[in-house]
Amino acid sequence: MGVQIGELVPRKEIELNNLYGRKVAVDAFNAIYQFLSTIRQRDGTPLMDSKGRITSHLSGLFYRNINLMENGIKLAYVFDGKPPAFKKREIEKRREVREEAEEKWYEALEKGDLEEAKKYAMRATRVNEALINDAKKLLELMGIPVVQAPSEGEAQAAYMAARGEVYASASQDYDSLLFGAPRLVRNVTITGRRKLPGKNVYVEVRPELIVLEEVLKELGVDREKLVELGILVGTDYNPGGIKGIGPKKALAIVKREKDPLKKYQRESEVDLYAIKEFFLNPPVTDEYELRWSEPDEEGILRFLCDEHDFSEERVKNGLERLKKAVKVGKQATLESWFGRR
DNA sequence: CGAACCCA
DNA sequence: TGGGTTCGG
């Protein structure tokens, strides 16, 4: 879900090769969630191994990582830690939405309405510990660094970008901007075809770059005001924001008022100031290492094919590409060291 | 979502 | 060759 500031944010389309030789911190939860919700059969059932364990995210991660690595992009995945206490309400709300969607999924299946079934199946997507652990395992086998955030992954990714350890944070949500990421990349995919939530319509989605400095300049605010703006329109910590206030009004308010939250704190159940403080100073850690290593081919074969019933032919194909991609990555790193780009 | 397949 | 369709697990 994330903070609802998308329509205010200036962006520029980029090509994947604009990221050549660059390190990118991916919000792991965001990526995994996307794979789990989209990689499904026609009736909405996710891909599963013979023991019924979900594998959609493994398929998505495996092939997308190869593609991005072939483009000389150095990926690191940042996993969520403990959510802040004031996220409870949103977590609860999401659970209710999922459970309701799950029921409608089964109802649609009984009626034989596949399209409807898939729609609700996607909405019923849930990410559990086992899925996260499998994702971490695959990434490690692929030689991709895994970073464990103390709290929100977006915050940790933003911190790494702000320190210059990675070029950008990658997520579909805009939260990392509020957390202070100087750059955010969205739609980092190869095919760039995405189904619109409602209809059976596909739109071209190209990778895009959002530069925090340009956002602030365009809106005429500083980061603190941007955070307040986000809180007025709604974040994961106060879903829905303030009733009756959309992006435009919110922008006007934060530019006009010295303390825009004051007036709305009264009508809000959650502590808006705590949310603001969290965005400005989130828990982050320096205890991580961005070290890219050789993929463990045997390990990947065992994990994907033996344990999770992936086709050996397909995975071996992938491994061949992966090996070459690692070389591309090394070359890309060298070129960036010697300042050729 | 992305790979593989298919047919013009 | 490439755009649409189906499969993958």
Side-chain angles (χ1 to χ4, degrees), chain A residues 15-17 19 24 26-73 75 77 105 109 114-115 117-128 130-135 137-139 141-142 144 170-173 185-208 295 299-325 328:
Chain A
E15 300 294 329
L16 231 36
N17 52 23
L19 299 175
V24 171
V26 182
D27 177 17
F29 181 87
N30 195 269
I32 290 168
Y33 184 88
Q34 230 109 41
F35 288 134
L36 288 173
S37 83
T38 55
I39 304 182
R40 285 168 186 268
Q41 306 170 69
R42 244 197 307 282
D43 66 353
T45 313
L47 302 186
M48 289 182 298
D49 64 20
S50 57
K51 290 181 177 160
R53 295 172 300 197
I54 293 174
T55 54
S56 294
H57 60 315
L58 300 179
S59 176
L61 281 171
F62 183 62
Y63 294 111
R64 179 179 291 175
N65 288 338
I66 291 170
N67 278 323
L68 298 180
M69 289 166 74
E70 283 176 336
N71 280 270
I73 303 172
L75 300 166
Y77 279 78
W105 176 18
L109 278 181
L114 288 186
E115 202 169 315
K118 188 162 183 180
K119 184 175 90 184
Y120 286 114
M122 291 173 76
R123 210 173 289 178
T125 298
R126 61 171 153 236
V127 182
N128 62 33
L131 266 38
I132 295 287
N133 289 338
D134 278 350
K137 177 154 185 195
L138 177 61
L139 292 168
L141 289 169
M142 293 181 81
I144 294 169
S171 175
Q172 290 305 105
D173 293 344
V185 288
R186 301 180 72 246
N187 305 335
V188 184
T189 61
I190 290 293
T191 50
R193 231 168 64 106
R194 184 155 302 154
K195 195 169 170 294
L196 286 175
K199 279 280 184 213
N200 240 346
V201 183
Y202 287 88
V203 285
E204 273 291 311
V205 275
R206 316 209 111 270
E208 59 191 28
I300 291 172
L301 278 170
R302 275 200 301 273
F303 183 59
L304 291 184
C305 303
D306 297 350
E307 278 190 55
H308 291 297
D309 304 314
F310 278 58
S311 138
E312 196 165 306
E313 189 191 343
R314 281 179 175 234
V315 171
K316 280 183 172 165
N317 269 339
L319 287 176
E320 287 311 307
R321 291 174 57 203
L322 178 59
K323 276 190 283 184
K324 291 194 185 122
V328 173

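All chains are named by letter (A, B, ...) in the order of the sequence lines, taking the proteins before the strands, and each is independently numbered beginning at 1.
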Rounded off to whole Å, could you give me the CG-to-C1' distance for the A/L68 and B/dG2 pair? 11 Å

Using whole Å, report how far NE2 of A/H57 lies from C1' of C/dG8. 15 Å

Residues A/R53, A/D49: salt bridge by 4.0 Å N-O rule: yes

Closest to the side chain of A/F310, out of B/dC1, C/dG9, C/dT6, is C/dG9

Going by the side-chain contact (heavy atoms from CB on, under 4.5 Å) test, name the single residue among A/L61, A/V24, A/I32 that passes it with A/Y77. A/L61

With a 4.0 Å cut-off on heavy atoms, is A/S50 in touch with a base, just the backbone sugar-phosphate, or nothing at all? nothing

Could you tell me how far apart A/L301 (CG) and C/dG9 (P) are, to the nearest whole angstrom? 13 Å

What contact category does A/S59 fall into here, base, sugar-phosphate, or nothing, at under 4.0 angstrom with non-hydrogen atoms? base

A/R321 side-chain N/O to B/dA3 phosphate OP1/OP2 under 4.0 Å: yes

Give me the one residue out of A/L304, A/I300, A/I66 that meets side-chain contact (heavy atoms from CB on, under 4.5 Å) with A/L319. A/I300

Report the nucleotide, chosen from C/dG9, B/dC1, C/dC7, that has the shortest atom-to-atom distance to any side-chain atom of A/T189. B/dC1

Using whole Å, report how far CD of A/E204 lies from P of B/dC1. 11 Å

Ignoring backbone atoms, establish whether A/N65 has a side-chain N or O less than 4.0 Å from OP1 or OP2 of B/dG2. no

Rounded distance in Å - CG (A/L304) to C1' (C/dG9): 11 Å

With heavy atoms under 4.0 Å as the rule, sort A/R40 into base, sugar-phosphate or nothing. base

From C-beta outward on A/D309, which listed nucleotide comes closest to its side chain: B/dC1, C/dG9, B/dA3? C/dG9

Give a yes/no answer on whether the side chain of A/R64 brings an N or O atom under 4.0 Å of OP1 or OP2 in B/dC1. no

Per A/Y63 side chain, nearest of listed nucleotides B/dC1, B/dA3, C/dG9: B/dA3

What is the distance, to the nearest angstrom, from the CZ atom on A/F62 to the P atom on B/dA3? 10 Å

Atom CZ of A/R314 and atom C1' of C/dG8 are separated, to the nearest Å, by 5 Å

Please report, rounded to the nearest Å, how far the P atom of B/dG2 is from the CD1 atom of A/I32. 15 Å

Would you call A/K323 and A/E320 a salt bridge, using N to O less than 4.0 angstrom? yes

Short side-chain to backbone donor-acceptor contact, A/S59 and A/S56, under 3.5 Å: no

Under 4.0 Å from OP1 or OP2 of B/dA4: is there any side-chain N or O of A/N317 that close? yes

